Student: 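Next up is a structure, given as structure tokens.
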Amino acid sequence: MTKRAPLILIEGLDRTGKTTQTTLLQSSIPSSHLLKFPDRTTEIGKLINEYLTNKQLKMSDQSAHLLFSANRWELAEHIKSLLYKGEVIIMDRYVYSGVAYSAAKEVPGMSLEWCLSCDKGLPKPDLTIFLKLREGGNGQREGFGEERYEVSEFQSRVRQQFEKFENVENKWCSLEVDGLSIEQVQALIWEKVSLLKDQEGKWLTTEE
Ligand code: DGP
Ligand code: NA
Ligand code: NA
């Protein structure tokens, strides 16, 4: 089995600081890559963007879920090739968002297991950091409400779905970020990321 560099994922509800923190993290790790999901630039991504920004657009919940998953699969080979070259990948959302947002819709038949099943086989994160704000905390942040899922009641259900991973997934780390500055959150994240390095500061490799 070949070894690969770590895949570091930052997850959270909308407007919790993921983009800021993933950008900062990427700039502190030489020759690392930042990938953001959904990737709205691909053909599938453009459809997703339309779905998220145009609340009038009708699409079945199953189809929307499969589009988000397909968007991750579009990049699977690219992700693997970077990791096997030894380059660290940082991600802004990935499979857990996929499951949490779709399962939160509570549509019959769209169980957590159903939502997870189409992402089976994607490269797995070696560390998932979940940025956690107190209930409703993100609703007060700038820009909240612009897109389809940015409704407080729905966010609270998404949060419950994310919390299901807290005690079952090893490699999961929830960080309470209420009241913390950008620099303080950055330091907490760095502390966790450092655990992926050996004593000489080399990245621990994983096999998959
Ligand atoms: P962002 O660009 O990070 O703000 O994400 C866009 C929105 O899409 C956000 O509300 C979370 C949601 N989202 C991300 N991934 C998935 C997914 O796989 N499935 C569903 N249903 N929603 C997702
Ligand atoms: Na958003
Ligand atoms: Na974001």
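Residues: numbered from 1 along the sequence shown. Fair warning: this is a prediction, and the values are worked out from it, not measured in the lab. Just so you know, ligand 1 is whichever comes first in the structure, and atom 1 is the first atom listed for that ligand.
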Student: Ignoring hydrogens and angles, tell me if any N or O in the side chain of Gln161 forms a donor-acceptor pair with the backbone of Tyr101 under 3.5 Å.
Tutor: no

Student: What atoms of ligand 1 come closer than 4.0 angstrom to any heavy atom of Ser102?
Tutor: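 So the answer, numbered in order with elements, is 19 (N), 20 (C), 21 (N).
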
Student: Quick check on contacts: which atoms of ligand 1 are under 4.0 angstrom from a heavy atom of Leu52?
Tutor: 6 (C), 7 (C), 8 (O)

Student: Examine the proximity of ligand 1 to Glu150 and report which part, side chain or backbone, both or neither, has a heavy atom under 4.0 Å away.
Tutor: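 Neither part.
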
Student: Considering both backbone and side-chain atoms of Asp92, is one of its nitrogen or oxygen atoms within less than 3.5 Å of a nitrogen or oxygen in ligand 1?
Tutor: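 No, no N or O pair falls under 3.5 Å.
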
Student: List ligand 1 atoms under 4.0 Å from Arg72, heavy atoms only on the residue side.
Tutor: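 Near Arg72, the atoms of ligand 1 are 17 (C), 18 (O).
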
Student: Just heavy atoms, cut-off under 4.0 Å: does Arg40 contact ligand 1 by side chain, backbone, both, or neither?
Tutor: side chain

Student: Does atom NZ of Lys197 have more than 12 heavy-atom neighbours from other groups under 6.0 Å away?
Tutor: yes

Student: Please indicate whether any nitrogen or oxygen in Tyr149 is less than 3.5 Å from any nitrogen or oxygen in ligand 1.
Tutor: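 So ligand 1 has an N or O lying under 3.5 Å from an N or O of Tyr149.
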
Student: Please identify which atoms of ligand 1 are closer than 4.0 Å to at least one heavy atom of Pro38.
Tutor: 5 (O), 6 (C), 14 (C)

Student: Run the numbers for me: atoms of ligand 1, each under 4.0 Å from some heavy atom of Asp14, listed by number.
Tutor: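 Listed by number with element: 4 (O), 9 (C), 10 (O).
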
Student: Check this for me: does any side-chain nitrogen of one of Glu50 and Lys46 sit under 4.0 Å from a carboxylate oxygen of the other?
Tutor: no

Student: With a 4.0 Å cut-off, would you call Arg15 and Glu146 a salt bridge?
Tutor: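 Here Arg15 pairs with Glu146 in a salt bridge, since their nearest N and O are under 4.0 Å apart.
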
Student: Is it the case that the side chain of Asn71 and the backbone of Asp39 share a donor-acceptor pair, with hydrogens and angles ignored and the cut-off at 3.5 Å?
Tutor: yes

Student: Please report the shortest heavy-atom distance between Gly145 and Lys55, naming the atom on each side.
Tutor: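 That closest heavy-atom pairing would be O-NZ, 3.0 Å.
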
Student: Judging by distance only, is a nitrogen or oxygen of Lys36 under 3.5 angstrom from one on ligand 1?
Tutor: yes

Student: So, is Glu147 polar-close to ligand 1, with some N/O to N/O distance under 3.5 Å?
Tutor: no

Student: For atom NZ of Lys105, is the number of surrounding heavy atoms from other residues, nucleotides or ligands below 6.0 Å larger than 12?
Tutor: yes

Student: Keeping Ser32 on the side-chain end and Gln26 on the backbone end, is there a donor-acceptor pair under 3.5 Å?
Tutor: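 Pair found, side chain donor or acceptor close to backbone of Gln26.
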
